[in-house]
There are 2 protein chains.
Amino acid sequence: MTQTPAGRRSRRATILDVAAAAGVSRQTVTRAMNDMPGIKTETRQRIQELANELGYTPSRFAKGLVQGARTSVGLAIPDLTNPYFPAFASSVVEQATQRGWQVVMDDYGHGGRNGLDAVEHLAPHVDAVIGYLGGYAGQAQAILGRRPLIVLDEEPGSAAGAITFDYRHAAELAIRRLRSAGRRHIAYLDSVRGPEKPAHEKPDAENHADTHVPGMAGSTDLLPHGPGSGDGFVTARGRAFAAVLAESDALDCVAVAVEESASAARTAVRDLLEQQPGIAGIVAFNDLVASGVLKALADAGKRVPEDCLVIGMDGIPLGEQLSPELTTLALDLRDVGRTAVELLDGLLAGSLTAGSAEAHLTLRHRLVVRQSA
Amino acid sequence: MTQTPAGRRSRRATILDVAAAAGVSRQTVTRAMNDMPGIKTETRQRIQELANELGYTPSRFAKGLVQGARTSVGLAIPDLTNPYFPAFASSVVEQATQRGWQVVMDDYGHGGRNGLDAVEHLAPHVDAVIGYLGGYAGQAQAILGRRPLIVLDEEPGSAAGAITFDYRHAAELAIRRLRSAGRRHIAYLDSVRGPEKPAHEKPDAENHADTHVPGMAGSTDLLPHGPGSGDGFVTARGRAFAAVLAESDALDCVAVAVEESASAARTAVRDLLEQQPGIAGIVAFNDLVASGVLKALADAGKRVPEDCLVIGMDGIPLGEQLSPELTTLALDLRDVGRTAVELLDGLLAGSLTAGSAEAHLTLRHRLVVRQSA
DNA sequence: ACCCAGTTCGTGAACGTTCACGTTTTCACA
DNA sequence: TGTGAAAACGTGAACGTTCACGAACTGGGT
């Protein structure tokens, strides 16, 4: 009937091709393919073999069109290579799979793309998005329309839901630890990465800026003085640390902002120690940076924790493997992923309303004491 | 017209709802939504606003049905939490995105699922699959029918394409290094994870098996004696190491199989060193295991590399942060991901035929010499 | 007033599947 | 040999969009 020569196959086989080959109707093929009742076991097998032979695969589009969508969620992540994200992504995938959802993933860190590009890429294919967008919550929600968006580590704006972190609490834990160990002269090693930094600007690893902050009660003016200023407190984490610092008794803290890598941190701390050898405690933007700090301290012949305490942040698995093992402000990243999916589930089910207070959760770090502090 | 009350929305808005609201036809709405020519800018804007207001999102199913599929590839990965995989996954996503494809991801490591479950879960939604399936290449390809499957670290079987690794070459590199350093008494620390091990069997970290293998030329009988035997060479990596070992001059090698974690490796090596303090070189299944080896050696007061060399495998970023920094048989995981996507691209474009020799690539490790060996 | 070209918009058909029925076949039992 | 119910199978309609084409409207030049 068809003009297609036997050997070649010009277009995908459809259900009608199988039906014709088996001498039955569409519906019978449907019954065979989906293991529905009301069909003889014999014909079912015959059809399945025939389908296999013809290379027939049901069109997911036709199926979705008539059956209504299975939920598919987009997952936007800046960089899987950063050890912070895999545990989170893994947890999201696990939770979504449990619910029978599928996860369309975009790692937008490479090739100069940003969180908004990721959402634009995902939007046509998904019913919702979960992601670390780095400041594009509002615009992303506009692209998605009524479909729920869960942003992480960012104020929700117009997004349907959000998970943020209590960085003030984390800072309090770190500072309390430093003070109870009697360390007065400390440093905060921030990341140069602000929330909306253009992706193509490659930060210079050598070019870091020091800012001396004589901590004194009442002085809360520790936010960046302006764009491009030399202040070392750049990120939300850093600013929270500065704020808590200002409210507490006099601690002498110097802030340095470096590229978010171990090697950049290593050179930065080397330079810092030359200028200020008396530093007795260092809090790092994250564990990756902290690992560079440990290396620099070892280079300088300082003992950790005796001469200088080191506290990291995030609690990635790397920390346990370092020596000394890293004390860190840990986040249960699998818990973060699970919570994000639960939020989304609530929004999709209607038990939660988009933009409501219940759809904005704040999680806390806990201090995991190992060897470095 | 519709019975839907204004406040509630019972079903998704369709293109007809927008058309009715704007007083135009379907086609005009299509033109407006897809930025096609042949429409007044004024009406275009009016329709877009209206669509936004009604929460209209074009059905991806209807669109796909009429336009023909955008390629969507499934990515099956055993465990994103294992630092081996993120770089690979990230690279696959990057390459796929560059081609305008989307990636549906499944991390099947949690909840007792295996590679076959992952493919079953992905199959209805994708046009192809790339993945580490751990021995299910054949059955997975059967599920996918004519859709191409690229398996990694596994013989292709009936799969369309495959990427395997030259573990013999890696073993040669390691052994050459050990011998040129004059180390005769060595150990291989394998993983207990065989290729098709049932997922629910949780290996006991304490229960590892030693096997003493007096290396001698000609003795190639180093494969496992049977299921559950105590032989330490369990994995493809281990067996390749054993084979190369047997072909080379006498090296005294003990093989131990442990759970694939740093802590398990640590205790195993502790025990091993008590029995055989003279071990002067250790090759580990992967870098994670190697990091445990480093800890155990430090515990025992051994200096690395003076007293004992340590060589890891995979070249994950962790290795650089350890002290001493880990010498390792590195794989460029981004390259692996890129190659997998290129293979798939060739298969989809027809420039490569499924199951052909050209569709089976073998990549090699290279020895990255750092401090530990 | 007329025509023509270009612009703007509308209509039938098709994509491939499932759903809700309706029709035929089977078969055990009276 | 009917009979009736259950099993097996078939048919129109619908899902929501785009494609190919055709119709109507616009405006400038004669």
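We name chains A, B, ... by the order of the sequence lines, and we start the count at 1 in each one. Source: prediction; values computed, not measured.
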- For A:Thr71 and A:Asp127, test the side chains for any donor-to-acceptor distance below 3.5 angstrom and give the result as yes or no.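 Checked: A:Thr71/A:Asp127 side chains show no N/O donor-acceptor pair below 3.5 Å.
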- Task: Output yes when at least one side-chain N/O atom of A:Thr14 is less than 4.0 Å from OP1 or OP2 of C:dC15, else no.
- Result: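 No, outside the criterion.
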- Verify the contact: side-chain N or O of B:Lys63 to OP1 or OP2 of D:dT18, cut-off strictly under 4.0 Å; return yes or no.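 The answer is yes; a side-chain N or O of B:Lys63 sits under 4.0 Å from OP1 or OP2.
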Write down the distance between [atom1] ([X]) and [atom2] ([N]), rounded to a whole number of angstrom.
{"X": "A:Lys40", "N": "C:dT25", "atom1": "NZ", "atom2": "P", "value": "12 Å"}
{"X": "A:Ile47", "N": "D:dC9", "atom1": "CD1", "atom2": "C1'", "value": "10 Å"}
{"X": "A:Asn34", "N": "C:dG16", "atom1": "CG", "atom2": "C1'", "value": "13 Å"}
{"X": "B:Tyr56", "N": "D:dG16", "atom1": "OH", "atom2": "C1'", "value": "7 Å"}
{"X": "B:Asp17", "N": "D:dG16", "atom1": "CG", "atom2": "C1'", "value": "11 Å"}
{"X": "A:Ile15", "N": "D:dT11", "atom1": "CD1", "atom2": "C1'", "value": "14 Å"}
{"X": "A:Arg44", "N": "D:dA7", "atom1": "CZ", "atom2": "P", "value": "14 Å"}
{"X": "A:Asp35", "N": "C:dT18", "atom1": "CG", "atom2": "C1'", "value": "16 Å"}

Any sub-3.5 Å donor-acceptor pair from [X]'s side-chain atoms to [Y]'s backbone N or O?
{"X": "B:Arg31", "Y": "B:Lys40", "value": "no"}
{"X": "B:Thr57", "Y": "A:Arg146", "value": "no"}
{"X": "B:Ser91", "Y": "B:Arg338", "value": "yes"}

- In residues 21-29 of chain B, which residues come under 4.0 Å of DNA chain D by heavy atom?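 Correct list: B:Arg26, B:Gln27.
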- Quick one: on DNA chain D, does B:Phe61 or B:Met36 contact a more 5' nucleotide (nearest heavy atom)?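 The answer here is B:Phe61.
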- Could you say whether B:Ala62 or B:Arg31 is positioned toward the 5' end of DNA chain D, judged by the nucleotide with the nearest heavy atom to each?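 Looking at DNA chain D, the more 5' nearest nucleotide goes with B:Ala62.
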- Remember a base hit wins even if backbone is also touched, and classify A:Ser59 as base, sugar-phosphate or nothing at under 4.0 Å, heavy atoms.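 A:Ser59: backbone/sugar contact only, no base atoms under 4.0 Å.
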- Message: Both A:Leu16 and B:Thr41 contact DNA chain C. Taking the nearest nucleotide for each, which residue is further toward the 5' end?
- Response: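 Upstream on the strand: B:Thr41.
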- Message: Going by the rule salt bridge (charged side-chain N to carboxylate O under 4.0 Å, His left out), which residues pair with A:Arg99 if we only count those two or more places apart in sequence or in a different chain?
- Response: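 With sequence neighbours excluded, A:Arg99 shows a salt bridge (charged side-chain N to carboxylate O under 4.0 Å, His left out) to A:Asp345, given in chain and number order.
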- Close aromatic pair by centroid cut-off 6.0 Å: B:Tyr132 and B:Tyr84: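 Ring-ring flag for B:Tyr132/B:Tyr84: true, centres closer than 6.0 Å.
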- Message: Using side-chain heavy atoms (C-beta onward) and a distance below 4.5 Å, is B:Leu65 in contact with B:Phe61?
- Response: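 The answer is no, as the side chains (C-beta and beyond) never meet within the 4.5 Å cut-off.
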- Query: Side chain of A:Arg60, base of C:dG16: donor and acceptor closer than 3.5 Å?
  - Reply: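 Side chain to base: no pair present.
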